[in-house]
Every structure is written in C-alpha cells, then in structure tokens.
2 protein chains.
Amino acid sequence: MDEPSLKPGDRDFVGALASGLEVLQVFGVEHPRMTLSEVAARTNMDRAKARRFVLTLHALGYVKRVGRQFELSPRVLGPGYAYQASNQYRAVIEQYLEEITAELGESSSLAVLDGNDVVYVVRSPARLRLMAITLSVGTRLPAGYTSMGRVLLGQLREQELDGFLESVELKAFTPYSIMTKESLKKEILKVRSQGFAIVDEELDAGLRSVAVPIYTGSNVLLGALNISTNAARVDMQVLMSVYLPRLQEVVGKVKLIAQ
Amino acid sequence: MDEPSLKPGDRDFVGALASGLEVLQVFGVEHPRMTLSEVAARTNMDRAKARRFVLTLHALGYVKRVGRQFELSPRVLGPGYAYQASNQYRAVIEQYLEEITAELGESSSLAVLDGNDVVYVVRSPARLRLMAITLSVGTRLPAGYTSMGRVLLGQLREQELDGFLESVELKAFTPYSIMTKESLKKEILKVRSQGFAIVDEELDAGLRSVAVPIYTGSNVLLGALNISTNAARVDMQVLMSVYLPRLQEVVGKVKLIAQ
DNA sequence: GCACAATTGTTCGAAATACGAACATTTGTG
DNA sequence: CACAAATGTTCGTATTTCGAACAATTGTGC
C-alpha cells in the first residue's frame, strides 16, 4: 500500500489542483449538466472560486458549455485512455473475456484494487440476459463485498490487509453481507489459501460470482478475473466445476504471454 | 462552437489547475511510469514545482507510486466513466454496434467531435480480422481525415465549419489525403448533402470506412456511427449497398427510442 | 412587455499560496 | 566504496487565488 507523503494543508500540497479536480468530479450521472451556481453549491465553494475553476476547466477543454450549463467533454476520456493503453495485457485479456462470454453466456470482467474499492477495467457483458449486470469500465464497488475484491485483498501483505480492515466500512447490502471485521478477515484469508473467491448475494440480491487473481509470467499481479451470474439460474456446483476452471484456463494462458 | 471565455494569464484562469492537469497528461503509452525528474523534464517545469503536482496527484489518488516511479492509478477512469454514464444512449448504441460486428464481421464505432479531433466513445471491435483496427474508447483522430469526422463536421454551422477550416492542420497521411482547405470544405459539404461519408485510405493505407450522423428522436446529435473495413477486402459497392444501409438502420432505431 | 429574482460577470485589496533557489539527504550504479 | 543522480526540505517572496461587493445579464411569471 502506497501511502501519500502529502496531505491537504501541507506546504507542498497544491490546494488549487485539488479544488479543480473536486469540481471535475462533481459532474456525473446524477448531475451531468450544471450551472456555475449549482457547481458552487455542490462543492460548497464560494461562487467566485467555483466560477474560476469551471471556466478554467472549460478553457482547457475538459468541460463544454451549453448556454448557462456546463457538462463534461470527451476530453475527460483522455487520462482513462492513457491508463488503459499503458497496460499491454488489457487487449488480450479483453479477448479472452469475450470468449468466456460467448461460451458461457455470462458477463466477465477484470478489476483492480484502488483504495478500498475494486475498479472495473475490462468488461465483457453478457447480452442475452434480461437480468443484467449494469456495470462499466471505471465502475467502483466496495472491495470487501465482491469476489474480485476478496481475491485482490487476499494478495495484499499482512500490514496492507490490516490497513484495509481498519478503514473498511461494513454495510448490510443484503441479509448475507458480512458484518464483522473478524469474519471478513477470515473470509479473505480463506480466499487467499484456496486461490479463488465465491461471493453469493452479499452485495446485491441474486448476484453470484467467482473470481481468481491473474498474474503475468513474471508474477506481476494484473488484477482479478471474474464471472458474474444470477444465483437463481446458476448453482454452486456449476460455478465450481465449469466457471472456475474456465477462469483458471485464462489465467494459465496469460501467464504464458511473453513480455 | 463553444469558445473559452478565459485564456492562460487571465486573472480568473487558475494556473495551478492547468499545470496539474498538464502533469497528469504527460503519463501515457510512451511514458507510463516516470520519476519526478522525468516528469519535470517532460513538462519543462522546475523540479520543485513538478514534485508538488505529482505528490498532490498522488495524495488525491490519481497516480500511484512504485519506488521512485509514478504511474496513473485506476482513479483516472473516473471522469471518463462519469462522461459515459451521463449519456443514456451509449449502452443501447453499444449493443447495436455489436450486432453489426457479429453480422458483418467488421469493427463499428460511435465518435463525437472535440476540437479538431474525433474521439471514439463506443467501440465494437471485429475479432476475426488479422488486419485489425487498433483503437479504443478515448482514441482521438483528426476529424478532417476520418469518415466520422467528416460527418460531424458536416453537421456544424457555417461559422463553426469555417473556424475548423481555419485551424485545421493538413497532413499527407497517405498519398490520398486531401491537401487543400478548399477540397476539404467541398468534401465536407458533399458529405453534408448526401448524408454519409466514405473515406478511403486518407488516414491510413488500407483503411476504408463509411459513417453516418446519429440523432435522438428530438434531433439532438449523438455523434457519428461508422463501420471500418480493409480496402483490400471490401469493395465500394458492398460498402454502399450493404454496410451503409445497415448503419442507417441503427440510426432509424435510435431515433425511435423514447426519452 | 415588464418587474423582479436569480444568475453571472467584474473589480480589487489582501491573505494565502505556489514558486524556485539553495542546501541536505538518500539512492543507484559502476 | 565513491560519486553522480535523484529526491527531500526550507524559506523568502512574487504571484496567485480568494471572496466581498458591486454591476450587468438572463430567465420567469404575470
């Protein structure tokens, strides 16, 4: 775990950059378009300050203006594109995931750990399912309650895992959600030793998934692979005897890729 | 066209935000990982300044630290995710594009205009082609030399189009590339009147594509749809008689979506 | 079309911040 | 181990960012 050497208020912490990124982050699904006053209200900034940041983001091309409203511009895809393009395994993993989806008819994903969340970085959605998983690249979910998160947490050093457990927020997403830190730690250690995670209706009703860690041939962790299913349709036995081996097959293939 | 009301040096332009975003942008395929000194050199900033920005981005979670090196963190996917999630047509268009790919075996995309570039926002890559188009969501290409760009430029008002033509950089990507502003304008106006664009080996050898504009039922431009092909494999007649109608079909379906 | 509320734009004094130079410390390499 | 390169730290100060207050514009309801 990579601790910041700076915090807000430190002399070398650039407050204006933090404020500007805070303004950028306020645009999203719930508030795709906003006036200056709305941005100021949402960020709790003085109006003149918010105005400066919005207009600067606009001048730099990160937001567009439509009358009095501002919205994100496609330029904000840039850093994410750079992030994805910097990892040469992404494209080949995406193809393997699509093969899984074509074969099993299930959604399959790669995610990485970021703070206490998993972030989806590759997605192959199942198209034939009415009961669909509505997730995209960039989606963040609480690591402790997802199969991929459990797998990734299981790869952490003891100290890092303890750091996670210290700061994790436990939440009863469903009646099955783990509600003590002790049980969560125990589950993560179990996942670590068995080499895969199954999470069953802990984050959302009906959501059942299996995940494994995926490494390069030189043992660099690339993330976690999963297959997400509907608990009403796929029983545990299929998950273990068909889906898990299929994931492990991809893991094996990726390990053989020359660098 | 949405002109900035601020420019660098203006009193209300937040220089520190611009510098911080400049630092963020320096990370990419060519330089995925960098030390502080490397960031300072690439941005041409004083070392102490670059250090402040890198360490602030790190503290905010946008970059990770590995020893002495910094790299983008998955958190940079956030603004792009917000941008994509803010548009409710994206998911359904993605499905239509995948159907096209499944049916015709070609890559198909949706792009929008940003400055003088098109930015790819939805992608359905053809998996069976060895001669593949290697593009991702977030990829930017010069609008004037791409079928989708031509289509989008054709939707601009006269003044906006003239603004584009004034600032466009003409470049001989291939022997077929348009090299005068007059020819380019003529081509864009032709695209506008015929309702589609075909670009043939103007950006890259072998790259042939057809594109159409796509609107909502209430006449809001969503972007341009295309199918990209290999000129060695797909002749003009197929492009016109099979591929173009297929795109127009999707356009018709999207127009019918209730808001 | 008008009145008025809400929003946005502008100015400017000054507090705060960001800057870079110079020195100190640490790390990597041959 | 020596030394070069890189990073960390400090601090005076120039510059930038801040917000309050006033001005102008826009949107809305009648």
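These numbers were taken from a predicted model, which means no experiment stands behind them. Chain identifiers are assigned alphabetically (A, B, ...) following the order of the sequence lines, protein sequences preceding nucleic acid strands; residue numbering begins at 1 within each chain. Values below: all heavy atoms of this structure, side chains included; hydrogens, waters and symmetry mates excluded.
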Inset, instruction - Name all residues meeting the side chain to side chain contact (heavy atoms under 4.5 Å, CB included) criterion together with E94(B); count only those two or more places apart in sequence or in a different chain, and write none if there are none. - result: R127(A), E98(B), V122(B)
Shorter than 3.5 Å, N or O on both sides, protein versus nucleotides 27-30 of chain C: list them out with atom names.
| from | atom 1 | to | atom 2 | distance (Å) |
| --- | --- | --- | --- | --- |
| dT27(C) | O4' | R68(B) | NH2 | 2.9 |

Legend entry - Polar side-chain atom of R65(A) near backbone of G67(A) as donor-acceptor pair, under 3.5 Å: yes
Legend entry - Residue list, salt bridge (charged side-chain N to carboxylate O under 4.0 Å, His left out) with D12(A), at least two apart or on another chain: R51(B), R52(B)
Legend entry - Value in whole Å for how far the C1' atom of dG8(D) lies from NE2 of H58(B): 15 Å
Inset, instruction - List in numerical order all residues of residues 31-46 of chain B for which some heavy atom is under 4.0 Å away from an atom belonging to DNA chain C. - result: D46(B)
Legend entry - side chain to side chain contact (heavy atoms under 4.5 Å, CB included) partners for L189(A), two or more places apart: L161(A), K185(A), R192(A)
Inset, instruction - Just do the side-chain contact (heavy atoms from CB on, under 4.5 Å) check on M34(A) and V54(A) with the steps written out, would you? - result: CA-CA 10 Å; M34(A) 288 185 275; V54(A) 172; over 6 Å; no
Inset, instruction - Please list residues of residues 7-18 of chain B whose heavy atoms come under 4.0 Å from any atom in DNA chain C, ordered by number; otherwise none. - result: R11(B)
Legend entry - Under 3.5 Å: donor-acceptor pair, side chain of T56(B), backbone of V14(A): yes
Legend entry - Near-strand residues of residues 47-55 of chain A, defined as heavy-atom separation under 4.0 angstrom from DNA chain D: R47(A), A48(A), K49(A), R52(A), F53(A)
Inset, instruction - Provide, to the nearest angstrom, the distance between the CD atom belonging to Q69(A) and the P atom belonging to dT26(D). - result: 15 Å
Could you give the side-chain donor-acceptor pairs of residues 20-31 of chain B under 3.5 Å, partners two or more places apart or in another chain?
| from | atom 1 | to | atom 2 | distance (Å) |
| --- | --- | --- | --- | --- |
| H31(B) | NE2 | R42(B) | NE | 3.4 |
| H31(B) | NE2 | R42(B) | NH2 | 3.4 |

Legend entry - By salt bridge (charged side-chain N to carboxylate O under 4.0 Å, His left out) - contacts of K64(B) (at least two apart): E71(B)
Legend entry - Shortest non-hydrogen separation from A59(A) to P4(B) and the atoms involved: CA-CB, 3.9 Å
Legend entry - Residue pairs, two or more places apart or on separate chains, that pass side-chain hydrogen bond (donor to acceptor under 3.5 Å, both in side chains) and touch residues 136-146 of chain A: D114(A)-R140(A), D117(A)-R140(A)
Legend entry - More than 12 heavy atoms of other groups within 6.0 Å of K190(A) NZ: no
Legend entry - Partners passing side chain to side chain contact (heavy atoms under 4.5 Å, CB included) against K255(B) (at least two apart in sequence or in another chain): Y215(B), N219(B)
Legend entry - Non-neighbouring partners of R75(B) that pass salt bridge (charged side-chain N to carboxylate O under 4.0 Å, His left out), sequence neighbours left out: none
